[in-house]
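See below for the structure under consideration.
Quick note on labels: first sequence line is chain A, next is B, and so on, each numbered from 1. As a basis for the values below, the full set of heavy atoms in this structure was taken, side chains included, without hydrogen atoms, waters or symmetry mates.
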Amino acid sequence: MAFEKIRGTYDLLPEDSLFFYKLKKDIEKIFELSGFYYVESAILQPVEIFKRSIGSESDIVKKEMFEVVSNSQSIVLKAEETAPLMAGLSEKKILESSVFTKFFYFTKVFRHERPQKGRFREFYQYGCESIGDFNKFMDGEVIELGKRILNHFKVSHSLHINSIGCNVCRKPYLDNLKDYLRKEKDNLCDDCKRRVETNPLRVFDCKNEKCKKVTSAGPKILDNLCDDCKNDFEGLKDFLNINGIDFIVDPNIVRGLDYYEKSVFEFVETGGKLGSQSTLIGGGRYRYKKDEIFKNEITGVGFAGGVERLILSIPEDVKKNFVDFSSLDIFIVHFGGETFKKGVELLKMLRENGIKSEISFSEGRINKLLSLASKKKAKYVIIIGEDELSKGKISLKDMKTSLQKEISINLEDLLKEIKNGD
RNA sequence: GUGAGUGUAGUUCAAUUGGUUAGAGCUCUGGAUUGUGGUUCCAGCCGUUGGGGGUUCGAGUCCCCUCACUCACCCCA
């Protein structure tokens, strides 16, 4: 092979593409049913959007951005969907709309990380954003949607929730935590020594036993929430309980990006299909402060899920069932000449009536063509030969039962036969 | 970015301590069957052994470089 694929990328080809296509349509449908509207930001973005929102100290901004060579501006491939969307949505007119407050997307995202199971450099995220200040119904609806998608594809999972406070209580807590961790620095692993300054909450996520000991003895964010945040968190838990959604309060859920506040949550895969990248969906509540990029302050709640991770988590038999939907209703077999003309006429009629149908591109060798119809999973085959044509009829073969009958060339008769067969 | 492992037909895997012409199942193509698919039987196609360099009389096998994949760290979806 002259050219190797670019690392961390892949092409969507049959049969993977068939399932992907179906999955995308199903996810979109689920969002639509809850009143969410489709949106998608540009792939090319100014780097500032990500620096301002997810933090210039985050790994994503520091080392995972794909830069585009361009003569003037600093352009990157989007590393995330929420920030670019918020930049656009922060326009006053859209914000003031009482109709357009809930959005969903299904889009490509780029991050220059070392690929591994469930992690790519060019990949898809699906997700949603619900704009507005904290409201347990809003946060609950978003969480419920995440769960609905996972349930739709029969993915085994658990929901972890936490609150990381707001701009009132978060800052004092973080300062407090930093002070504590600095004192305990000698008892932390090398990674965590670094994290104390860059992202102290992340220390809670460390797998190292020594670090766990330090965090378990240190200040907890849930004990340091302001009254507002405390009430909001309790409200959300009530809502989830009332709706029968199981959850685990997990102080280790901290989210990596700067813009999060209050409710944060993760859906984690529990079937052992994902390896170490087991987060299926990550999300929470966020606040974008007004500046040159975000035209007005904007708050909301949303989540993002990795499509490739979702696909990896879906049981094989479930995948198979979804792809079978792409079978063919009718395959038309002809023998050239007049029989072909009649076939084309029929084909047009069938398609205009919403029946998924194809005609053979070659003629004769009926055993080959039936074999092809079989592989295409055609439910019926219409055979148009000289015999049939001379009688003004066609043969309709039911591929499941092998039964075949001659019927007149007439759309209504044909539709009736197909209906009976179902 | 760091570490470890892997790379052989379309695919799943073979190939003795380095030894002749790199094999097999499935898939695919053709035939048995030129108007009847799935089953069966027969036949056939398919490889620069990821790429490049080196050691050797001889390399799929050993060494170096490179690329890709896999797993983990890190980070996150």
I need the [atom1]-[atom2] distance between [X] and [N], as an integer number of Å.
| X | N | atom1 | atom2 | answer |
| --- | --- | --- | --- | --- |
| A:Leu274 | B:C76 | CG | C1' | 13 Å |
| A:Lys117 | B:C74 | NZ | P | 18 Å |
| A:Leu201 | B:C76 | CG | P | 11 Å |
| A:Ile366 | B:G37 | CD1 | C1' | 10 Å |
| A:Arg121 | B:C76 | CZ | P | 17 Å |
| A:Arg114 | B:A4 | CZ | P | 11 Å |
| A:Asp59 | B:C73 | CG | C1' | 12 Å |
| A:Asp11 | B:C69 | CG | P | 12 Å |

Determine the contact category for [X]: base if any of its heavy atoms lies under 4.0 Å from a base atom, sugar-phosphate if only primed atoms, P, OP1 or OP2 are that close, otherwise nothing.
| X | result |
| --- | --- |
| A:Gly275 | sugar-phosphate |
| A:Ala304 | sugar-phosphate |
| A:Tyr124 | nothing |
| A:Gly385 | base |
| A:Phe120 | base |
| A:Gly146 | nothing |
| A:Glu388 | base |
| A:Glu269 | nothing |

Any side-chain N or O of [X] less than 4.0 Å from the OP1 or OP2 oxygen of [N]?
| X | N | answer |
| --- | --- | --- |
| A:Arg365 | B:G31 | yes |
| A:Lys375 | B:U29 | yes |
| A:Arg202 | B:C76 | yes |
| A:Gln277 | B:C76 | no |
| A:Arg309 | B:A77 | no |
| A:Lys207 | B:C73 | yes |
| A:Lys368 | B:G31 | yes |

Can a donor-acceptor pair be found between the side chains of [X] and [Y] at a distance below 3.5 Å?
| X | Y | answer |
| --- | --- | --- |
| A:Ser34 | A:Glu141 | no |
| A:Glu269 | A:Ser158 | no |
| A:Ser263 | A:Asp139 | yes |
| A:Lys147 | A:His157 | yes |

Between [M] and [N], how far apart are the [atom1] atoms? Round to whole Å, please.
| N | M | atom1 | value |
| --- | --- | --- | --- |
| B:C75 | B:U17 | C1' | 46 Å |
| B:G19 | B:U56 | C1' | 12 Å |
| B:A59 | B:G51 | P | 15 Å |
| B:U11 | B:C28 | C1' | 11 Å |
| B:C67 | B:U55 | P | 23 Å |
| B:U61 | B:U8 | P | 13 Å |
| B:G53 | B:C46 | C1' | 29 Å |
| B:U40 | B:G7 | P | 33 Å |

Any salt bridge between [X] and [Y], counting N to O under 4.0 Å?
| X | Y | answer |
| --- | --- | --- |
| A:Glu32 | A:Lys29 | no |
| A:Glu129 | A:Lys102 | no |
| A:Lys391 | A:Asp387 | no |

Confirm from the modelled atom types if [X] and [N] form a donor-acceptor pair under 3.5 Å, side chain to base only.
| X | N | answer |
| --- | --- | --- |
| A:Ser371 | B:G37 | no |
| A:Glu64 | B:G1 | no |
| A:Arg119 | B:C75 | yes |

Counting Watson-Crick and G-U wobble pairs only, both distances under 3.5 Å, name the nucleotide matched with [N], or none.
| N | answer |
| --- | --- |
| B:G1 | B:C73 |
| B:A68 | B:U6 |
| B:G60 | none |
| B:U29 | B:A43 |

(request) Establish, for the pair A:Lys24 and A:Tyr126, whether the NZ or CZ atom is under 6.0 angstrom from the six-membered ring centre and no further than 45 degrees off its axis. (result)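 No, A:Lys24 does not sit over the ring of A:Tyr126.
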(message) Once you measure the plane-to-plane angle for A:Phe104 and A:Phe31, does it fall in the parallel (<30°), tilted (30-60°) or perpendicular (>60°) bin?
(response)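 Plane angle under 30°, so parallel.
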(request) Go through B:A77, B:G35, B:C69 for me and flag the one nearest to the A:Gln404 side chain. (result)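 It is B:G35.
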(message) From the set B:C73, B:C74, B:A77, return the single nucleotide nearest to any side-chain atom of A:Arg111.
(response)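 Among the listed nucleotides, the one closest to the side chain of A:Arg111 is B:A77.
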(request) With RNA chain B as reference, determine whether A:Ile383 or A:Gly283 sits nearer its 5' end, using the nearest nucleotide of each. (result)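 Its nucleotide being nearer the 5' end, the pick is A:Ile383.
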(request) Between A:Met399 and A:Gly305, name the one whose nearest nucleotide on RNA chain B is closer to the 5' end. (result)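 Here A:Met399 is the residue nearer the 5' end.
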